[in-house]
Each structure stands twice: as C-alpha cells, then as structure tokens.
Colleague: 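One structure, pasted below without further comment.
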Amino acid sequence: MDYRSYRLTLKEHGKCLAGAVLLTVVIAYLFYDSAWGFLLFPAVYVLLQKRGCAQGLARVQAQLGKEFLDVLRTVSSALLAGLSMENAWREAAREIEGLYGENSIMGRELVRINGKVGVNIPLEQQLEELAVRSGNADIVSFAEVFAFAKRSGGNLVTIMEGTANHIRARFETERDIQVLVAAKQLEQKIMNVVPLLILAYLKVTSIGFLDILYRNVAGVLFMSGCLLAYGGAFLLSERLLRIEM
C-alpha cells in the first residue's frame, strides 16, 4: 500500500456528497437566491473530495508514525533482551497486533516484512521499500541509517533508540503545539460560520433588503466575488493553523 496518497472510502464519498449538497443549497440561497446556484455543485463536490483526501492522508500519516515509533521501541527492547534482529521484528509484530490489531498499518506491514525475511529477502531491503511507500521522513531516515549500519556493522540498538527518541520528541512537540492552538482553531471554526449567519439573518429578518444583489449581472458578480473571498479566507485560516514539522 502506498501511504503517500489517500483514497476515500465509500462512506467518506457519501459524506462528501451529502456535504456538497448541503453546502450548495446554502450557497444558492444566501449568495444567489436562485436555483441556478446549484450549477456550483460539481465544483463544491470536487473541493470537498480533495479536502477529505488531505485530511485522510494526514490521519494515516499520523497513525503510521505513531505505530512505527512503537515498533522501534519493541524492537529495541527485544534486542536488549538478547533476541536476534529477525526475531526482534517478529516480536514487534505480535506487540503491534496486541496494541492496534492485526489490521493496523504496521500490523499488516510487519506481517509482510517478516514473511519476506523468512524467504531470505534482506530486512534492510524491506525497510527501504516501506520507506519509499510511506512518505514519512522519519521512516526514510531510519531505513537509510539502518541499511548503512547493517553494511558497516554499526550498533543497531543505539540506532533504534536514537531514532525512537527523535520521533518521540517530535510527537511530543506537535502535541504541545496542538494544545496551544486548540483555542484558536475553535475560534477559526466559529468565525468561518459567522459570515453565513449574518447573511442568513439579513435575509430572514430584513426581507427584500438584499434583493439588489440578486437577479442582476452586477449583483451576481459582486456576490460571486464575495463567495470567492469567503472561500479564500476559509482556506487561508486553515493553512495558518496547520502545524507541520
């Protein structure tokens, strides 16, 4: 499996479809007051699909990094206990299955890796292949160092512990940052809805007040510009609060 991209599940496609229908109804009513606004449905659906894929990819990458960290911890402990490298990775497979289940990301990957090692395919080759498919900088770095250490006879236990400590420190830093920006993210979600609520309030309480903005070329162009500005502000606010390390 290639973890550098993400494909929506059938359930997620359904959520995108329902969200696109609801959002298109809101846009058609608030920005155009016309059924012609439904012509935007394909564009809205595509945008929600792309957003869903991006969010899904972020979730998969976060889970992959977390599980890989636990794999390194288990392998390091097994090596310190005197197990061979191959047996240490088999022990990691059992540990990960107990922690996350056999259908977890690293659970499946360890079954594949250990199976190929069992038919004399080098472990470092399997890790390099995983690194390419993972799209995870930590896994790529580990695979490169591991392969070099295997060839040169380096201290693999030290390498495992050093990599695990590095990943753990990064995860803890990311978690601390997320805690700090949690309040701002909530404010962002509230502010994203405020313009729509203001428009809805004016349309409901001041009937006819916004009619000048509908059913004429100048009004349609103005509301289209407002819609684009609103969408741009929405994306910008998400980008500003997206912490990447």
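Below, all heavy atoms of this structure are taken into account, side chains as well, without hydrogens, waters or symmetry copies.
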Colleague: Please identify each residue that fulfils salt bridge (Lys or Arg N to Asp or Glu O under 4.0 Å) with Glu144, with sequence neighbours left out.
Modeller: none
Colleague: What about Ile96 and Leu83, same hydrophobic cluster or not, with Ile/Leu/Val/Met/Phe/Trp/Tyr joined at side-chain heavy-atom distances under 4.5 Å?
Modeller: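 They do not share one cluster, since no chain of ILVMFWY contacts under 4.5 Å joins Ile96 to Leu83.
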Colleague: Rounded to the nearest 0.5 Å, how far does CG of Leu180 lie from CD of Gln185?
Modeller: 10.5 Å
Colleague: Strictly by salt bridge (Lys or Arg N to Asp or Glu O under 4.0 Å), give each pair with a member in residues 23-35 just once, sequence neighbours left out.
Modeller: Asp33-Lys203, Asp33-Arg215
Colleague: Taking side chain as C-beta onward, heavy atoms only, is Tyr29 less than 4.5 Å from Leu199?
Modeller: no
Colleague: State which residues pass side-chain contact (heavy atoms from CB on, under 4.5 Å) with Leu213; sequence neighbours excluded, sorted by chain then number.
Modeller: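 Testing Leu213 for side-chain contact (heavy atoms from CB on, under 4.5 Å), a comparison that skips the adjacent residues, returns Leu210, Phe222, Met223.
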Colleague: Listing request: all salt bridge (Lys or Arg N to Asp or Glu O under 4.0 Å) pairs with a residue in residues 98-107, at least two apart in sequence or in separate chains.
Modeller: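 Residue pairs passing salt bridge (Lys or Arg N to Asp or Glu O under 4.0 Å), neighbours aside: none found.
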Colleague: Measure the spacing between OG of Ser134 and CD1 of Ile139 and express it to the nearest 0.5 Å.
Modeller: 4.0 Å
Colleague: Spell out, yes or no, whether Ile198 and Leu227 are grouped together once hydrophobic residues are joined by side-chain heavy atoms under 4.5 Å, including indirect joins.
Modeller: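 Per the 4.5 Å side-chain linkage, Ile198 and Leu227 are co-clustered.
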Colleague: Distance check, rounded to the nearest 0.5 Å: Met106 atom CE versus Leu72 atom CG?
Modeller: 8.0 Å
Colleague: Looking at residues at least two apart in the chain, or sitting in another chain, which of them share a side chain to side chain donor-acceptor pair (under 3.5 Å) with Gln63?
Modeller: Glu67
Colleague: How many angstroms lie between atom CD1 of Ile27 and atom CG of Leu40, to the nearest 0.5 angstrom?
Modeller: 6.0 Å
Colleague: Is Val145 reachable from Val75 through a run of hydrophobic residues whose side-chain heavy atoms are each under 4.5 Å from the next?
Modeller: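 Val75 clusters together with Val145.
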Colleague: Could you list all the ring-ring contact (aromatic ring centres under 6.0 Å, His included) pairs where at least one residue sits in residues 116-143, not counting sequence neighbours?
Modeller: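 Matches after skipping sequence neighbours: Phe68-Phe142, Phe142-Phe146.
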Colleague: Are the side chains of Arg4 and Val132 in touch, meaning some heavy atoms are under 4.5 Å apart?
Modeller: yes
Colleague: Within the distance-only criterion (no hydrogens, no angle test), does the side chain of Tyr230 pair as donor or acceptor with the backbone N or O of Asn192 below 3.5 angstrom?
Modeller: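 Present.
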Colleague: Please enumerate all residues that pass side-chain contact (heavy atoms from CB on, under 4.5 Å) together with Met1, with sequence neighbours excluded.
Modeller: Tyr3, Arg108
Colleague: Among residues at least two apart in sequence or on other chains, which ones pass side-chain contact (heavy atoms from CB on, under 4.5 Å) with Ser77?
Modeller: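 In terms of side-chain contact (heavy atoms from CB on, under 4.5 Å), with neighbours along the sequence ignored, Ser77 is linked to no residue.
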Colleague: Is there a donor-acceptor contact under 3.5 Å from the side chain of Ser34 to the main chain of Gly37?
Modeller: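 Judged by distance alone, no pair lies under 3.5 Å.
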Colleague: Tell me, with the steps shown, if Ser5 and Asp2 meet side-chain hydrogen bond (donor to acceptor under 3.5 Å, both in side chains).
Modeller: CA-CA 7 Å; Ser5 60; Asp2 194 331; 4.9 Å; no
Colleague: Which residue pairs satisfy the salt bridge (Lys or Arg N to Asp or Glu O under 4.0 Å) criterion with at least one member in residues 70-91, sequence neighbours excluded?
Modeller: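 For residues 70-91, and leaving out neighbouring residues, the salt bridge (Lys or Arg N to Asp or Glu O under 4.0 Å) pairs sorted by first residue read Asp70-Arg73, Glu91-Arg94.
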Colleague: Search all heavy atoms of Leu79 against all heavy atoms of Ala88 and return the closest pair with its distance.
Modeller: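 Result for this residue pair: CD2-CB, 3.9 Å.
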Colleague: Establish whether Leu39 and Leu48 are linked, either directly or via other cluster members, by ILVMFWY side-chain heavy-atom contacts under 4.5 Å.
Modeller: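 In one cluster with Leu39: Leu48, no.
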Colleague: Tell me the closest heavy-atom pair linking Glu128 and Ala147, and the distance in Å.
Modeller: OE2-CB, 3.2 Å
Colleague: Is Ile121 linked to Leu110 within one hydrophobic cluster, defined over Ile, Leu, Val, Met, Phe, Trp and Tyr using a side-chain heavy-atom separation of less than 4.5 Å?
Modeller: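 Each belongs to a different hydrophobic cluster.
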Colleague: I'd like to check the side-chain contact (heavy atoms from CB on, under 4.5 Å) partners of His13; sequence neighbours left out, ordered by chain and number.
Modeller: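 Once residues adjacent in sequence are excluded, the partners of His13 under the side-chain contact (heavy atoms from CB on, under 4.5 Å) criterion are Leu8, Tyr45, Gln49.
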Colleague: For Phe234, is there any backbone N or O sitting under 3.5 Å from a side-chain donor or acceptor partner on Ser237?
Modeller: yes
Colleague: Roughly how far, to the nearest 0.5 Å, is the CD atom of Gln126 from the CD1 atom of Ile113?
Modeller: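 Interatomic distance, Ile113 CD1 to Gln126 CD, rounded to 0.5 Å: 6.5 Å.
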Colleague: Do the side chains of Lys184 and Glu187 get nearer than 4.5 Å, heavy atoms only?
Modeller: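 In contact.
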Colleague: For Arg59 and Glu12: C-alpha separation, side-chain torsions, deciding distance, then whether salt bridge (Lys or Arg N to Asp or Glu O under 4.0 Å) applies.
Modeller: CA-CA 14 Å; Arg59 288 195 304 270; Glu12 289 170 332; 3.1 Å; yes
Colleague: Once ring-ring contact (aromatic ring centres under 6.0 Å, His included) is applied, what residue pairs with a partner in residues 93-126 remain, sequence neighbours excluded?
Modeller: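 For residues 93-126, and leaving out neighbouring residues, there are no ring-ring contact (aromatic ring centres under 6.0 Å, His included) pairs at all.
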Colleague: So, the side chain of Asn216 versus the backbone of Tyr214: is there a donor-acceptor pair under 3.5 Å, distance only?
Modeller: yes
Colleague: Does the distance from a Lys or Arg side-chain N to an Asp or Glu carboxylate O, for Arg170 and Glu174, drop under 4.0 Å?
Modeller: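 A salt bridge links Arg170 with Glu174.
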Colleague: Could you tell me if Ser224 and Tyr32 have a donor-acceptor pair between their side chains, going purely by distance under 3.5 Å?
Modeller: yes
Colleague: Quick one, Lys116 with Glu129, criterion side chain to side chain contact (heavy atoms under 4.5 Å, CB included). Give me CA distance, side-chain angles, the key distance, then yes/no.
Modeller: CA-CA 12 Å; Lys116 290 189 176 182; Glu129 181 185 338; 4.1 Å; yes
Colleague: If you group Ile, Leu, Val, Met, Phe, Trp and Tyr whenever their side-chain heavy atoms sit less than 4.5 Å apart, what else falls in with Leu221?
Modeller: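 Result for Leu221 is Val217.
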Colleague: When rounded to the nearest 0.5 angstrom, what is the spacing between CZ in Phe171 and OG1 in Thr173?
Modeller: 11.0 Å
Colleague: Which pair of heavy atoms, one from Asp138 and one from Asn136, lies closest together, and at what distance?
Modeller: N-OD1, 2.9 Å
